[in-house]
Amino acid sequence: MTPLQRISFVAFWFFIVTSAWGAKDYGLKPLQIATDTYVLLGKNEHFNFRNGGNIVNTGFIVTDEGVIVIDSGPSRLYGEQLRAAIGRITKRPILKLFNTHLHPDHILGNQAFEEFPIAALATTIDGIREQGELFNDSMYRLAGAWMAGTRVVVPTETVQPGSLEIGGHRLQLIEMKGHSHADLMILDQTTGVLFAADMVFHGRTPTTPHADLGQWLDALDTLSKLDFKLLVPGHGSVVEGTRSIEQTRDYLRWLRSYLNEAAEQGMTMAEVLQPDAPPSITGLAVFKEEYQRSVTHLYPAIEAKALRLGRVEQE
Ligand SMILES: [Zn+2]
């Protein structure tokens with residue numbers, strides 16, 4: 001090896017090692033959206049090596065007794081940086097972390113809150129116990145070194161839906177279904193802020209890996225009647241009123257009817273992947289990737305049902 005080759009060899013490995021293990025910073029900045037209430041907004045993107053999985057909204061409420069945290073983000077590192085960000089806003093203790101549902105971007109920061117009660121709906125706890133490791137593995141593939149040292153921490157406390165008075169805030173813990181098998185929303189009746197979790201997406205294509213579209217659409221009807229001022233979606237910017245609920249509903253209705261019609265017309269999956277959709281649908285962030293994922297999860301069953309029905313009609 002010539003000296004020049006030696007220098008390039010060392011420089012190459014120095015670059016690889018520092019970019020893989022160098023200090024990663026999610027740059028979390030709590031945004032105050034109401035009295036005592038903060039959110040940390042994720043990017044409207046798919047998971048990648050640049051965003052480190054920070055595509056999700058987390059939040060916290062600083063009550064008189066202490067802090068209520070809502071979701072812990074996609075990695076141990078995110079959880080630690082979320083905790084540090086909370087510490088820059090308040091010196092009050094953390095009382096409890098809620099996990100809204102089982103998906104990895106909402107729960108893999110739990111490790112940083114391990115000494116506090118971590119609460120979730122019973123079905124969510126079962127889901128994390130059964131599928132958490134699988135999610136963790138796939139997040140390593142999608143976000144790389146940001147995931148270093150992340151392990152699954154299963155919630156320790158089962159949420160009973162209903163009212164919770166805590167440090168001057170009256171919280172309603174609401175159980176929904178549709179985005180996943182159990183979706184927890186938190187409505188702070190004191191401030192009028194609704195943490196809607198992934199039941200609502202804003203400006204971003206909804207994800208459907210565990211979705212039941214019919215249940216989700218029914219739940220959105222209930223949700224739009226709730227009394228709130230400001231809605232924090234699971235993904236996308238914070239918004240007043242019901243606009244983001246309508247947007248989520250429009251997308252899910254379009255998805256359901258497009259896939260059903262495609263199946264009735266006998267379209268192949270390859271054909272379905274080139275959809276004819278209005279700009280209000282295709283203009284949502286991450287449309288291409290999420291739509292493709294949805295077709296892969298949902299179309300085989302819809303196609304099989306259409307074939308069965310077709311056969312019954314012919315008999
Ligand atoms: Zn989700």
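Both ligands and their constituent atoms are indexed starting at 1 by order of listing.
- D198 contributes OD2 as its N, O or S atom closest to the Zn ion (ligand 1).
- Looking at H101 and the Zn ion (ligand 1) together, the shortest N, O or S contact belongs to NE2.
- Taking 2.8 Å as the criterion, H103 counts as a coordinating residue of the Zn ion (ligand 1), since one of its N, O or S atoms falls below it.
- Using modelled atom types and a 3.5 Å distance limit, the side chains of D198 and H106 yield a donor-acceptor pair.
- Heavy-atom minimum distance, A219 versus M176: CB-SD, 3.6 Å.
- Using bins of under 30°, 30° to 60° and over 60° for the plane-to-plane angle, the ring pair W146/Y26 lands in the tilted bin.
- Salt bridge status for R50 with E45: absent, with no side-chain N to carboxylate O gap under 4.0 Å.
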